[in-house]
Amino acid sequence: MIPAPNSPDHPHLLRLPNWLGDLVLALPAVHLYQRWLNHRAPLILLGPSSLAPLAPILLPGLEYLPTPPLPLSLYPTLKNRNVASAVLFPNSIRTALETLSVPYRAGFDQKIRHPLLTDHPPRRTSPNGYLHLSDQYIGLLQDLGLPSAKAELPPPPTLSKPKDAPAQPYLAILPGAAYGPAKRWDPSSFASVIRTLQKSHSLQPVLLGGSNDRTACQAVAQALGSPITDLSGKTTTLELAHWLAHAELILCHDSGPMHLAAFLRKPAVAIFGSTEPAWTGPLGSSVSIAQHKVSCSPCFLKTCPLDHRCMTRLTPEEVLTPCLHHLTSMNKKIKYE
Ligand code: SF4
């Protein structure tokens with residue numbers, strides 16, 4: 001059981017997931033923990049330095065401590081701060097080493113790190129299939145003595161419009177997927193959807209993504225064959241959030257930006273193939289899922305060992321339908337050609 005908070009001088013710590021999407025899915029658990037502490041002790045959030053720029057919008061008012069390159073270098077830092085309890089959302093040995101100086105250390109059961117933790121309940125499962133990751137994080141806290149809670153996102157922040165954003169409504173397209181090529185849809189199919197939405201709703205397409213998504217964005221630009229703004233690798237993650245916050249519609253894969261869109265309550269269509277929405281799908285109702293079910297899905301592989309049918313069988317029409325649903329429900333006039 002997590003020790004009861006008893007002093008402002010003995011903070012509690014949550015080790016956040018390393019991926020943006022998983023971090024968004026952990027937000028309901030973070031807020032559960034914050035409510036439970038009820039100002040009886042401060043809460044420190046330990047997470048990857050790459051996500052620190054997003055902390056002010058994802059975790060406003062909470063201390064975010066970026067992880068250093070060497071996990072054991074946190075030993076004196078956390079000891080000097082008298083951290084009383086550390087709960088780890090990731091499974092790794094590394095995160096257990098980071099918090100070794102904390103008297104109480106808990107995380108999901110992983111035999112290999114048992115000696116490094118003081119409490120390790122098994123990860124909760126569902127008898128009906130997949131238990132959503134956000135419920136797994138909440139379940140971990142419940143198994144460690146916290147009350148139950150619903151997996152609900154906190155209110156979205158208000159973000160300013162990027163100064164370079166077009167005046168006209170724009171379609172944000174994120175054709176990359178950091179996890180691997182198995183998650184990526186065909187560039188020509190992206191181009192087909194973009195062309196239709198340009199014609200039907202006069203949406204200006206804008207390609208977005210990190211520097212690792214440049215190739216995927218260039219492939220879509222090439223397939224489109226007409227001028228398109230490509231900002232892949234040109235925005236920080238915080239700037240990306242601002243771009244997403246002002247998009248009319250977002251088209252993406254099962255990815256970190258998909259979860260960011262859900263957090264911002266933005267209308268979005270997320271393409272799923274090799275992964276499972278029941279496990280890592282977006283929270284809330286603003287993101288629709290486009291998926292062509294095939295028997296080998298979900299495989300959770302980074303690269304497809306077959307013919308990539310989960311993606312090649314997903315037609316532009318199957319993606320356009322939820323796109324148009326979002327746009328019509330926003331009372332936009334459709335001009336079919
Ligand atoms: S094995 Fe099936 S689900 Fe996995 S990437 Fe290939 S086609 Fe998609």
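Whatever order the structure lists ligands and atoms in, that order sets their numbers, starting from 1. No experiment lies behind these values; they were computed from the predicted model shown.
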Whether the side chain of Arg113 engages the backbone of Phe108 through a donor-acceptor N/O pair (distance < 3.5 Å, no angle test) should be reported.
yes

Side-chain donor/acceptor pairs under 3.5 Å, residues 186-193, sequence neighbours excluded:
{"from": "Asp186", "atom 1": "OD2", "to": "Ser188", "atom 2": "N", "distance (Å)": "3.4"}
{"from": "Asp186", "atom 1": "OD2", "to": "Ser188", "atom 2": "OG", "distance (Å)": "2.2"}

Could you tell me which atoms of ligand 1, counted from 1 in the order shown, lie closer than 4.0 angstrom to a heavy atom of Arg309?
7 (S)

Under the side chain to side chain contact (heavy atoms under 4.5 Å, CB included) test, which residues partner Ala245, sequence neighbours left out?
Leu159, Leu264

Extract all donor-acceptor atom pairs below 3.5 Å that involve side chains of residues 36-45 and protein atoms in other chains or at least two apart in sequence.
{"from": "Arg40", "atom 1": "NE", "to": "Leu37", "atom 2": "O", "distance (Å)": "3.0"}
{"from": "Arg40", "atom 1": "NH2", "to": "Trp36", "atom 2": "O", "distance (Å)": "2.5"}

Pull up every protein N/O/S atom sitting under 2.8 Å from atom 4 (Fe) of ligand 1, skipping waters.
Cys299 SG

Side-chain donor-acceptor pair under 3.5 Å between Glu318 and His292, yes or no?
yes

Could you grab the distance from atom SG of Cys217 to atom CD of Gln222, nearest 0.5 Å is fine?
13.0 Å

